[in-house]
Amino acid sequence: MAALLRPGGREVGRVRIPFYMPGVRSPILPLLLILVLPTLPAQAACSDAAAPGVNWRRCLQDGQDLSGADLSGANLRDAGFTRAKLRQARLKGADAPDSRFTSADLSGADLSGAVLRGADFTRTKLIGAKLVRADLRSARFFRADLTEADLTGANISGTDLSTATLDGARWVDGEKLCAAGSVGTCQ
């Protein structure tokens, strides 16, 4: 705190100086910035090439052709892949909650162990995709095509599969195969 003085030396109030520390006469903020900034995590570089462990958090990859790409262990939180081609892509163990795969093609993709909580797969092709032990809680599969997909061990709690095509899909128990004409539920 610093005192506000009137002419003649009479105190009229106190003002808090930003980042003021009693007994410290030098500005502390620049020192803190120098010490703390290098330890902060690097921000996503959306132009980085597709690779295992890439950080594409909040990046838009809409319409990109990433067929066959290896994105295993990638940080894809809140990323956009609308109309992207991810055929035969590897997303094993990817961290992709709240990502958008609207109208994307993930046919034959491997999403085993991926965290896809709250992801949007509206009108997405997941034909023959592996979703083994994937976290699909609260994900949306509105009019998605999961024909012959493998959902063994997937967590589908709160997942919207109401209009998803499940023909020939392996159900979460790992044993049941969904009958032809299964829409919304495995029959």
Side-chain angles (χ1 to χ4, degrees), residues 41-174 176-178 182 184 186:
Q43 295 299 312
C46 299
S47 60
D48 285 353
V54 70
N55 183 4
W56 281 350
R57 183 176 185 177
R58 295 189 183 122
C59 291
L60 296 178
Q61 300 295 336
D62 297 346
Q64 296 294 320
D65 188 350
L66 298 164
S67 297
D70 188 354
L71 298 169
S72 299
N75 181 355
L76 307 174
R77 287 176 171 264
D78 200 28
F81 294 93
T82 300
R83 293 179 308 283
K85 293 180 179 103
L86 290 150
R87 288 184 297 260
Q88 304 297 320
R90 290 179 44 118
L91 289 99
K92 291 179 81 168
D95 187 33
D98 301 314
S99 291
R100 293 162 309 285
F101 295 93
T102 309
S103 300
D105 186 352
L106 285 128
S107 298
D110 188 351
L111 296 112
S112 299
V115 177
L116 299 159
R117 197 174 44 253
D120 187 358
F121 292 97
T122 298
R123 294 183 307 279
T124 300
K125 289 182 188 175
L126 290 146
I127 301 166
K130 283 186 181 178
L131 294 152
V132 177
R133 292 180 309 283
D135 182 354
L136 302 172
R137 288 177 289 167
S138 301
R140 183 176 179 178
F141 289 91
F142 180 77
R143 296 183 63 193
D145 190 349
L146 289 155
T147 300
E148 297 180 6
D150 188 351
L151 295 162
T152 302
N155 186 342
I156 60 169
S157 179
T159 300
D160 179 8
L161 292 165
S162 60
T163 55
T165 301
L166 297 163
D167 296 354
R170 182 164 304 280
W171 197 236
V172 295
D173 62 7
K176 184 177 182 179
L177 285 179
C178 301
S182 292
C186 184

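- Taking every heavy atom of both residues into account, L166 and C178 meet most closely at O-CB, 2.9 Å.
- If you check the side chains of S72 and D70, you find a donor sitting under 3.5 Å from an acceptor.
- Here the closest non-hydrogen pair linking F141 and L146 is CD2-CD1, 4.0 Å.
- Note that CG of D78 is 9.0 Å distant from CG of L60, once rounded to the nearest 0.5 Å.
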Stepwise side chain to side chain contact (heavy atoms under 4.5 Å, CB included) check, F81 with L106: CA-CA 10 Å; F81 294 93; L106 285 128; over 6 Å; no
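- Of all the heavy atoms in T102 and R123, the pair that sits closest is CG2-NH2, 4.0 Å.
- Expressed to the nearest 0.5 Å, how far SG of C186 lies from CG of D173 amounts to 7.5 Å.
- Scanning all heavy atoms of the two residues, the minimum distance from L136 to A154 falls at CD1-CB, 4.0 Å.
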Got a list of side-chain donor-acceptor pairs under 3.5 Å for residues 83-96, not counting sequence neighbours?
unit_1: R87; atom_1: NH1; unit_2: D105; atom_2: OD2; d: 3.1
unit_1: D95; atom_1: OD2; unit_2: R77; atom_2: NE; d: 2.7
unit_1: D95; atom_1: OD2; unit_2: R77; atom_2: NH2; d: 3.3

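- With rounding to the nearest 0.5 Å, the separation of CG in N155 from CG in L116 is 11.5 Å.
- One finds the CG atom of D135 at 12.5 Å from the CG atom of L111 (value rounded to the nearest 0.5 Å).
- For N75 (side chain) and W56 (main-chain N/O), no donor-acceptor pair under 3.5 Å exists by modelled atom type.
- Looking at T147 and D145, their side chains do bring a donor and an acceptor atom within 3.5 Å of each other.
- A distance of 10.0 Å separates CG in D120 from CZ in F101, rounded to the nearest 0.5 Å.
- Judged by distance alone, the side chain of T163 and the main-chain N or O of R143 form a donor-acceptor pair under 3.5 Å.
- Between the CZ atom of F121 and the CZ atom of R140 there is a distance of 13.0 Å, given to the nearest 0.5 Å.
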